[in-house]
Structure formats: C-alpha cells, structure tokens
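Side-chain atoms are counted along with the backbone in the values below, which use heavy atoms only and exclude waters and symmetry mates.
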Amino acid sequence: MGIVGSINYYSLLVQGPGDVSDSHWEEILRSVVYHGEAENDPDAALDALQSILFERSDEWLGTRRRIIQAAVSASSNSTRRSDYCLTSLRSIALEASREALRERESPELSVVRRQAADYLRVLYGDKVLVTARMRSKKGHDICSMWGLASWGENWRTREPLKDFDQVKRALPIIMRTYSGKGIIDYATVIPSYIQMILEAYGAPLSTAQITSLIVARISPPLFRNPVSPEDEELQGNLDGGGYLDGYTTLPTPEEVLVQKQLHQSFFGVLSERESKVFQLKEEGLSIDQIAERLGCSKRTINGDWKSICDKCKQVLEKTC
C-alpha cells in the first residue's frame, strides 16, 4: 500500500488493508476504535471498522464507495483526503459504539433507529431522496443530510418552512402494533413518514434529526433507561424532546386518536362537527373553549368528545 510513517486512510479504503503491518494496524485501532467515545464499546466499534474494511456486502461496499467519492470531492490534497476518511471511519465506529449502548438501554429504540437508517438508504436507492455528507454545526464530526429529490439541485441550501417544534406537533402519531409484526409496521409507515417529515420541514435534515421525530411520535412511547445520559446526537436541534429525559408518560386519548395510519378509517366516521372538535382538542383547547369557539353548549361538546372516543376505540379494535 505504500504507507510509510503514518496511515493514509484514503489509500486504506481504496486499496484495502491487505498488506498493513501489525504496527500500522495497531495505529489504526488506536485512531479509530480507541478514540473518543467509540472506546466506550470497543468491540462494537471494531466490528464496524472490520466490516467497512473487509465486508463485501452491497451495504458496506456502498458505504466505502461513498466515503471515497466524498473525499475526492472534498480535496485534491492527499493529506486532507486521508483526514476526511479517518473522520468518517471514526464517525462509523462511534455510531456503532453508541448503537451497542442503545441496544442495552432499550432494544425497541435501537430497532427503530436501525429501521429508519435502512429506509433512508432504500429511499435514496429509489431516487426519492438525495443525500450528502456534511459537517455538523459543531464542526467536528460528519453527518449524512437528506433531502427530497424533487427539490432539485439546490436542495442543500433550502431554508426551513417551520421550526422543529412546529413540525413535531404537525406530524401524526405512529401507533405501535401488537400483531406480531414488530414495534410498528415499518413497511407501510416509515418510508412515507420520512417523506412527510422532509415535506413539513422543507429543508435538509440529518439521520439523527429524522429519527428523533419518528421516535418522538411513536405511541405508546418507547422507553429508555432513565439513568442513561442524554444522547446529544439523536436530540439534534430538537426542542422539547422530553422522551430522552427518562420514562415518558403514556399518551392522552387525544394523542392516541391522531395517527396517520387510521386517518381514512377514523375521520371517515366522524361528523363535520366532531372533526372540528377533534382538531380544536388537538390544538390544546379545553371543552369550555371549544364550546365557545363553536357556539355550542359544554354538554354538547362533551357528548361529541365521547362519541369521538367511542368511534376511535371501534376503529382501533378493527385495525390493531
């Protein structure tokens, strides 16, 4: 490989590690596996490093190819290309280490994160999404940013249509199923939900930010160990993401009602006034406020709300 003195990580990815000496391999391990937070779970970090260097699966070959192409685009300088590849390898090792920790804290959360990442790649392969590797706002790590292909060539410079808190409130709840298919019906929910998130935000988002919104809207909520440190990467720029602060409370009846999967079957059985009552209730208005807004008595609105809840239960029993 022609590596003398220090490792050229660009050459390592392009040519492979076939003739790396033991001393150079130890340097790679120190620089990638036993670097920073990745050493919190070195076994997982090492598995990720070995996968990207030795695995021949489409997933890992694609990852290796994307890093190499991004390094070429970033600079023509050999040292800078090497630095870019090293940073990318560290990022992969760090994420593997964090994922192993998440798996121990909450297997359900770990599954959702993996599924979200998998479907981002599927949507990219289907040319629904575009992606690019960028430095985060902190400037010291690299993350994948995603946008809609329909946004065109200037997708990376788009400005958000809403802030994160507005987007989260506007997103429908994702109901967890109990029919043996897993936490939620990934095949029908996550791909369309990812597109919905990007359409609502109107600008590129990172993998962690998209995953945060998905996890925040799952009902009943996914739990994690309340003594675990907050995951800054997953939290991203989100405000009010209380699900990372410990055990969350079970959702209110209003939250249980609002779900995209049941939109047609649920809203189809509501009367026009019941639909208005539900929308106002979702906005946080009290029964008294709704009655005043619609010019009805409190008794009438209470009756409408009871009817809404009864219809919701009927739809849930048929669907879940």
Next item on the list: Give a yes or no on this: more than 12 heavy atoms of other residues, nucleotides or ligands lie within 6.0 Å of atom CG of D22.
Entry: no
Next item on the list: Please check if the side chain of E292 supplies one atom and the backbone of Q289 the other of a donor-acceptor pair under 3.5 Å.
Entry: no
Next item on the list: Give a yes or no answer on whether the side chain of S73 reaches the backbone of Q69 with a donor-acceptor pair at less than 3.5 Å.
Entry: yes
Next item on the list: Would you check, one step at a time, whether the test ring-ring contact (aromatic ring centres under 6.0 Å, His included) holds for Y201 with F164?
Entry: CA-CA 7 Å; Y201 187 64; F164 278 99; 4.9 Å; yes
Checklist line | Contacts of W60 that satisfy side chain to side chain donor-acceptor pair (under 3.5 Å) - sequence neighbours left out | finding: none
Next item on the list: Using the test ring-ring contact (aromatic ring centres under 6.0 Å, His included), find all partners of Y10 that sit at least two apart in sequence or belong to another chain.
Entry: none
Next item on the list: Give me the ring orientation class for Y124 and W146: parallel if the planes are under 30° apart, tilted from 30 to 60°, perpendicular past 60°.
Entry: perpendicular
Next item on the list: Indicate yes or no for a side-chain donor-acceptor contact from T87 to the backbone of D83 under 3.5 Å, with no hydrogens or angles considered.
Entry: yes
Note to self: Once rounded to the nearest 0.5 Å, what's the spacing between atom CG of L171 and atom CZ of R217?
What the structure shows: 6.5 Å
Item checked: R90 side chain vs H35 backbone, donor-acceptor pair below 3.5 Å -> no
Margin query: Just to verify, which of K168, R169, K162 counts as forming a side-chain hydrogen bond (donor to acceptor under 3.5 Å, both in side chains) with D165?
Written below: R169
Next item on the list: Verify side-chain contact (heavy atoms from CB on, under 4.5 Å) between V130 and L148, making sure each step is shown before the conclusion.
Entry: CA-CA 6 Å; V130 287; L148 294 172; over 6 Å; no
Checklist line | T131 side chain vs M145 backbone, donor-acceptor pair below 3.5 Å | finding: yes
Next item on the list: Would you give the length of the straight line joining atom CD1 of I210 to atom CG of L120, rounded to the nearest 0.5 angstrom?
Entry: 5.0 Å
Notebook entry, point to check: Rounded to the nearest 0.5 Å, how far does OG of S82 lie from CG of N8?
Noted result: 4.5 Å
Next item on the list: Hey, could you give me the NZ/CZ distance between K276 and R293, rounded to the nearest 0.5 Å?
Entry: 11.5 Å
